Amino acid sequence: MEKAAQLLYDQIQSNPVIAAVGNEEELSAALDSDCRVVFLLMGNVMDVGELTRRVHASGKLCVIHLDLIEGFSSKEIAVDAIQKATGAEGIISTRGALIKRAKQLGMAAVQRGFMLDSRSLNSFEQQIAQSKPDFVEILPGLLPKVIAQLKERIASPIIAGGFIHEKEDVIAALQAGALAVSASSPKIWSV
């Protein structure tokens with residue numbers, strides 16, 4: 001595991017709840033929370049550097065969901081720009097090419113996938129085999145059986161996200177084999 005991925009892994013081991021923030025109010029709450037990692041689901045080419053600096057100033061690691069940052073293309077050069085402009089520890093993307101580029105640059109790479117049915121699970125497994133992310137995030141995160149199946153089939157640690165709103169949701173995902181959960185619900189950031 002590369003340095004950035006190991007750093008992220010260690011922080012997640014300390015606190016398996018990741019603050020997933022999509023607006024200014026959530027970001028402020030996340031910076032004051034016990035979470036050690038922030039998934040940045042907001043921003044644009046002009047402010048993503050400042051948003052990342054705020055996360056770092058609070059002593060937390062920042063992983064940027066590149067697909068959700070306004071003004072960036074889906075080309076590999078966007079990963080280079082994020083690394084240079086922000087110093088973020090990693091990226092999240094549904095795109096395998098961006099995951100591969102992040103790993104080439106030494107950034108932590110989180111590949112996000114949506115589990116709709118068994119076909120999407122099989123397709124996601126194939127994508128993971130090609131891009132070799134450091135972590136995978138599956139959505140929705142309330143799929144303990146799918147988490148358990150995927151954990152048996154891949155080597156990358158799993159992060160469960162989406163519809164995680166209660167402490168019981170966190171516990172169920174972790175018991176099923178997820179390393180961590182990402183949640184946009186501030187009430188569980190200090191669970």
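Start at 1 with the first residue, then count along the sequence. Source: prediction; values computed, not measured.
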Inset, instruction - Start with the C-alpha gap between Lys187 and Glu166, add the side-chain angles, then the distance that decides, and say whether side chain to side chain contact (heavy atoms under 4.5 Å, CB included) holds. - result: CA-CA 8 Å; Lys187 73 179 188 177; Glu166 306 292 332; 3.1 Å; yes
Legend entry - Ile159 side chain reached by Phe39 side chain, heavy atoms, under 4.5 Å: yes
Inset, instruction - Any chance you could measure Asp80, atom CG, to Arg101, atom CZ, to the nearest 0.5 Å? - result: 4.0 Å
Inset, instruction - Check His56, Gln11, Lys3 against Glu89 for a side chain to side chain donor-acceptor pair (under 3.5 Å) and give me the one that passes. - result: His56
Legend entry - Gap separating the CD1 atom of Ile91 from the NE2 atom of His65, nearest 0.5 angstrom: 9.5 Å
Legend entry - Closest contact, heavy atoms only, Ile18 versus Ala180: CD1-CB, 4.0 Å
Legend entry - Steps toward side chain to side chain contact (heavy atoms under 4.5 Å, CB included) verdict (Asp169, Phe163): CA-CA 8 Å; Asp169 302 334; Phe163 296 109; over 6 Å; no
Inset, instruction - Find out if a path of hydrophobic residues (ILVMFWY) with successive side-chain heavy-atom gaps under 4.5 Å connects Ile92 to Ile12. - result: yes
Inset, instruction - To the nearest 0.5 angstrom, please state how far the CD1 atom of Ile128 sits from the CG atom of Leu150. - result: 5.0 Å
Inset, instruction - Determine, using the 4.5 Å side-chain heavy-atom cutoff (strictly less than), whether Phe72 and Leu98 are members of one ILVMFWY cluster. - result: yes
Legend entry - Heavy-atom neighbours of Glu25 CD exceed 12 at 6.0 Å: no
Inset, instruction - Please check if Met46 and Ile77 belong to a single hydrophobic cluster, counting links between Ile, Leu, Val, Met, Phe, Trp and Tyr side chain heavy atoms closer than 4.5 Å. - result: no
Inset, instruction - Provide the closest heavy-atom pair for Val17 versus Val170 in the form atom of the first, atom of the second, distance. - result: CG2-CG1, 4.2 Å
Inset, instruction - Would you kindly confirm whether Ile99 and Met115 end up in one hydrophobic cluster when ILVMFWY residues are joined by side chain heavy atoms under 4.5 Å apart? - result: no
Legend entry - Interatomic distance, Lys145 atom NZ to Leu121 atom CG [nearest 0.5 angstrom]: 13.5 Å
Legend entry - Closest non-hydrogen atom pair, Ala108 against Ala4: N-CB, 3.7 Å
Legend entry - Any donor-acceptor pair under 3.5 Å from Gln130 side chain to Gly96 backbone: no
Legend entry - Backbone of Ala109 reached by a side-chain donor or acceptor of Lys103 within 3.5 Å: no
Inset, instruction - Starting at CD of Glu125, measure out to CZ of Arg153 and round the result to the nearest 0.5 Å. - result: 4.0 Å
Inset, instruction - For Asp67 and Ser93, indicate whether the former's side chain and the latter's backbone hold a donor-acceptor pair under 3.5 Å. - result: no
Inset, instruction - Determine, using the 4.5 Å side-chain heavy-atom cutoff (strictly less than), whether Val55 and Ile64 are members of one ILVMFWY cluster. - result: yes
Inset, instruction - Measure the shortest side-chain to side-chain distance between Leu40 and Met42 over non-hydrogen atoms and say whether it is less than 4.5 angstrom. - result: yes
Inset, instruction - Would you indicate whether the side-chain heavy atoms of Gln13 and Leu179 approach each other to under 4.5 Å? - result: yes
Legend entry - Contact summary for Val45 and Ile69, nearest pair of heavy atoms: N-CG2, 4.2 Å
Inset, instruction - State, with a plain yes or no, whether a side-chain heavy atom of Gln111 is found less than 4.5 Å away from one of Lys132. - result: no
Inset, instruction - Decide yes or no for Arg54 and Ser28: does some side-chain heavy atom of the first lie under 4.5 Å from some side-chain heavy atom of the second? - result: yes
Legend entry - Main-chain N/O of Asp34 paired with Asn15 side-chain donor or acceptor, under 3.5 Å: yes
Legend entry - Sub-4.5 Å side-chain heavy-atom contact between Leu27 and Glu24: yes
Legend entry - Side-chain (Ser156) to main-chain (Pro133) donor-acceptor, under 3.5 angstrom: yes
Inset, instruction - Starting from the C-alpha separation in whole Å, work towards a yes-or-no answer on side chain to side chain contact (heavy atoms under 4.5 Å, CB included) for Asp134 and Tyr9. - result: CA-CA 9 Å; Asp134 298 303; Tyr9 185 87; over 6 Å; no
Legend entry - Verdict with supporting geometry, Gln104 and Val79, side chain to side chain contact (heavy atoms under 4.5 Å, CB included): CA-CA 10 Å; Gln104 290 171 349; Val79 182; over 6 Å; no
Inset, instruction - Can you measure from CD1 (Ile158) to CD1 (Ile138) and round to the nearest 0.5 angstrom? - result: 5.5 Å
Inset, instruction - Indicate yes or no for a side-chain donor-acceptor contact from Asp47 to the backbone of Asn44 under 3.5 Å, with no hydrogens or angles considered. - result: yes
Legend entry - Close side-chain approach of Ile164 to Ile188, heavy-atom, < 4.5 Å: yes
Legend entry - Flag, side chain of Thr86 to backbone of Ile82, donor-acceptor distance under 3.5 Å: yes
Legend entry - Least distance between heavy atoms, Arg112 atom then Leu68 atom: NH1-CD1, 4.5 Å
Legend entry - side chain to side chain contact (heavy atoms under 4.5 Å, CB included) partners for Ala30, two or more places apart: Ala19, Val21, Val38, Trp189
Inset, instruction - Could you tell me whether the side chain of Asp10 and the main chain of Leu7 form a donor-acceptor pair under 3.5 Å? - result: no
Legend entry - Heavy-atom closest contact (Glu26 atom, Gly22 atom, distance): OE1-N, 2.6 Å
Inset, instruction - Compare all side-chain heavy atoms of Phe124 with those of Ile154 and state whether any distance is below 4.5 angstrom. - result: no
